[in-house]
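In what follows, a single structure is set out as structure tokens and then discussed.
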Amino acid sequence: MVVQGETKVVFDPLFRNGYGHYQLLPKAMEEALFAGVPPFDGIDAVFISHHHGDHFSPADILRLLKVQPGIHLYAPSQAVAGMRKVAGTQDEKVFERVTAIDLAYKDAPITMEMEGLLIEAVRIPHSGWPTSRLDIENISWRVTLNKTTTVLHMGDADPNDTHFERDAAYWDKNHAHMAFPPYWFFSSAGGRDILENRLKPDHNVGVHVPVSIPADPALRPVELRGYDLFTRPGESRVISGADE
Ligand SMILES: [Zn+2]
């Protein structure tokens, strides 16, 4: 979740599969999200990176939209199709708040707006490119809240600069105050190079961190010791350096 003033957005909040590696949402946090109680009150938008079980649960996101009528959803078409499969005709109204993103690999990034949000999206292949998971529509979201704070959520992006180089001007034109790359960007030379020379956020916090990686940097695999990672549900960071 990212908060700026009265504006709140959440990325990949509901999923049901940790595949034996990833933290699932704690029960109390899940209940607060559905109930819309603090800190999850007044969420404006939810963003989905891709239709994989450790990022997205179609039935749960549908339920969230039904019980929280103020939330707008932005998701790849593949994920929206997954929601339509579990939705009934009585759920049609919900889809008025759903924006399906149709982006193929190498398509130019797209830009949208809603109140308080500038939303930019580009398709970046899932890790495993170019041999596996090519069918998965993985979206990297760059979202600016109240023209003040810009964040970048990358989903399961593949750490190869060939995906980023073609949109060099796009990455330069709206610099991120904080990026949330999957942790493997830190443990691969290609990923580090993309962060340092292409995306250039003020600060990175690695996400999608396996539960086997300790919170204490000294106990981590050596290549992850020098990086900031989210390892525990509910921990937070202050986004500083937000400029006008
Ligand atoms: Zn994935």
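Atoms within each ligand, like the ligands themselves, are counted from 1 in listed order.
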Pair Asp156, His208: side-chain N/O donor-acceptor within cut-off below 3.5 Å: yes
Checking distances from the Zn ion (ligand 1), one finds that the N, O or S atom of His52 closest to it is ND1
Quick check, are the ring centers of His50 and His126 under 6.0 angstrom apart? yes
Working to 10°, measure the angle at the Zn ion (ligand 1) formed by atom NE2 of His50 and atom OD2 of Asp156. 90°
Taking NZ, NE, NH1 and NH2 as the nitrogens, is one of them in Asp107 or Arg123 under 4.0 Å from a carboxylate oxygen of the other? no
Taking N, O or S atoms only and a limit of 2.8 Å, check whether His126 reaches the Zn ion (ligand 1). yes
Do Asn146 and Thr7 meet the criterion of a side-chain donor-acceptor pair at a distance under 3.5 Å? yes
